[in-house]
Amino acid sequence: MTQYTVHPTAIVDEGAQIGADTRIWHWVHICGGASIGERCSFGQNVFVGNDVEIGNNVKIQNNVSIYDAVTLEDDVFCGPSMVFTNVNNPRSHVSRKDEYRRTVVKRGASIGANATIVCGHQVGEYAFIGAGAVVTRDVPAYALMVGSPAKRIGWMCACGERLPNDIGTHACPACDSFYQIGGNHCTPA
């Protein structure tokens, strides 16, 4: 007996590992090698490849393709129509399946609608990638990234509120969590 919900239009290939209380909605395709945690949600028209690891409580909005060599840790949010890649220099006539570059999105990170994560990079814990941003390098934990190519314009609390950008110790205005902000890092204090 399955402990997860699958819409009748969805395809879940044999062998896929799916955790309890996960919801798979309209026209989703999950390949047989995928590993998915508990309490996840997959919106309409999502694709999940074979070499994909997804943690617990991950939310994938409509029209997202999670190709091979992508890992999403617990509590990651992927906004509508955001994009992952897995080949750095694709050509239709050249097979590069042995050259996939691994992408890791760390715990609690949020990726905005229509953002692109170029393969081979890590998005740090609780980082916030703005809508339409194009990530072309590693992203520090708690960083707020916008633009193309994405640049850090500030820091975000784990609760999702923007933090002051000044160096020093700061409290989140929403939840009173404290953070130590330095040149290119932000850590809980």
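All residue numbers in this chain count up from 1 along the given sequence.
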Could you tell me if the side chain of Gln17 sits less than 4.5 Å from the side chain of Ser35, heavy atoms only?
yes
Check Thr169 against Ala189 and note the closest heavy-atom contact, atom names and distance.
CG2-CB, 4.2 Å
As a test of understanding, state which of Val46, Ile54, Ile60 forms a side-chain contact (heavy atoms from CB on, under 4.5 Å) with Cys78.
Ile60
Linking I/L/V/M/F/W/Y whenever any side-chain heavy atoms sit under 4.5 Å apart, do Ile153 and Met156 land together?
yes
Is there a side-chain contact between Arg39 and Asp75 (heavy atoms, below 4.5 Å)?
no
Tell me every residue that passes salt bridge (Lys or Arg N to Asp or Glu O under 4.0 Å) with Glu53, counting only those two or more places apart in sequence or in another chain.
none
Closest heavy-atom pair, His121 versus Asp138, reported as atoms and distance to 0.1 Å, is CA-OD1, 3.3 Å
Is any side-chain heavy atom of Cys172 closer than 4.5 Å to a side-chain heavy atom of Cys159?
yes
Look at the side chain of Ser148 and the backbone N and O of Val134, then say whether any donor-acceptor pair between them is shorter than 3.5 Å.
no
Please list, chain by chain and in numerical order, all residues satisfying ring-ring contact (aromatic ring centres under 6.0 Å, His included) with His7, sequence neighbours excluded.
His26
Is the distance from the ring center of Tyr142 to that of Tyr126 below 6.0 Å?
yes
Answer yes if Phe128 and Met145 sit in the same cluster of Ile, Leu, Val, Met, Phe, Trp and Tyr residues linked by side chain heavy atoms under 4.5 Å apart, and no otherwise.
no
Side-chain heavy atoms under 4.5 angstrom apart, residues restricted to Ile, Leu, Val, Met, Phe, Trp, Tyr: same cluster for Trp155 and Val123?
no
Kindly compute the distance separating CD1 (Ile111) from CD1 (Ile117), expressed to the nearest 0.5 Å.
4.5 Å
Carefully, step by step, assess Val139 and Glu125 under the rule side chain to side chain contact (heavy atoms under 4.5 Å, CB included).
CA-CA 9 Å; Val139 173; Glu125 287 186 342; over 6 Å; no
Pair Tyr4, Asp21 - check side chain to side chain contact (heavy atoms under 4.5 Å, CB included), show working.
CA-CA 5 Å; Tyr4 53 88; Asp21 298 321; over 6 Å; no
Keeping the roles fixed (side chain from Thr9, backbone from Trp27), state whether a donor-acceptor pair exists under 3.5 Å.
yes
Looking at Phe84, is its backbone amide N or carbonyl O close enough to the side chain of Thr116 to form a donor-acceptor pair, meaning the two atoms are under 3.5 Å apart?
no
Using modelled atom types and a 3.5 Å cut-off, is there a donor and acceptor pairing between side-chain atoms of Asn114 and backbone atoms of Met82?
no
Are any of the side-chain nitrogens in Asp74 or Arg107 under 4.0 Å away from the carboxylate oxygens of its partner?
yes
Aromatic ring proximity Tyr179/His170, centre distance under 6.0 Å:
no
Taking His29 for the side chain and Phe47 for the main chain, is one N or O donor matched with an acceptor at less than 3.5 Å?
no
If only side-chain N and O atoms count, and only distance matters, is there a donor-acceptor pair under 3.5 Å linking Asn63 with Asn45?
yes
Heavy-atom check, side chain of Arg96 versus side chain of Asn89, under 4.5 Å
yes
Which residues share a side chain to side chain donor-acceptor pair (under 3.5 Å) with Asp51, sequence neighbours left out
Arg102
Apply side chain to side chain contact (heavy atoms under 4.5 Å, CB included) to Val12 and Ile18, showing your working.
CA-CA 9 Å; Val12 177; Ile18 301 172; 3.6 Å; yes
Closest non-hydrogen atom pair between Arg152 and Asn165, with its separation:
NH1-OD1, 3.3 Å
Output all residues satisfying side-chain contact (heavy atoms from CB on, under 4.5 Å) with Tyr100, sequence neighbours left out; order by chain, then residue number.
Asp68, Ala69, Asn86, Val87, Lys97
Roughly how far, to the nearest 0.5 Å, is CD of Gln61 from CD of Gln44?
11.5 Å
With side chain to side chain contact (heavy atoms under 4.5 Å, CB included) as the test, would you mind laying out the steps for Ile24 and Thr5 before giving the verdict?
CA-CA 6 Å; Ile24 301 165; Thr5 303; over 6 Å; no
Of all the heavy-atom pairs spanning Gly32 and Asp13, show the shortest one and how long it is.
N-CB, 3.3 Å
For Ser81 and Val64, work out which heavy atoms get closest and say how close.
N-CG2, 3.9 Å
Cluster check Val6, Val58: I/L/V/M/F/W/Y, side chain < 4.5 angstrom:
yes
Checking Glu161 now: which residues fulfil side chain to side chain donor-acceptor pair (under 3.5 Å) with it, not counting sequence neighbours?
none
What residues form a salt bridge (Lys or Arg N to Asp or Glu O under 4.0 Å) with Lys59, not counting sequence neighbours?
none
Ignoring hydrogens and geometry, is there a side-chain-to-backbone donor-acceptor pair from Thr22 to Cys40 under 3.5 Å?
yes
I'd like to check Cys175 versus Cys157 (side-chain heavy atoms, cut-off strictly below 4.5 Å). Are they in contact?
yes
Note: Asn88 and Cys119 closest approach over all heavy atoms is N-SG, 3.6 Å
Heavy atoms, side chains only, cut-off 4.5 Å: are Thr103 and Thr71 in contact?
no
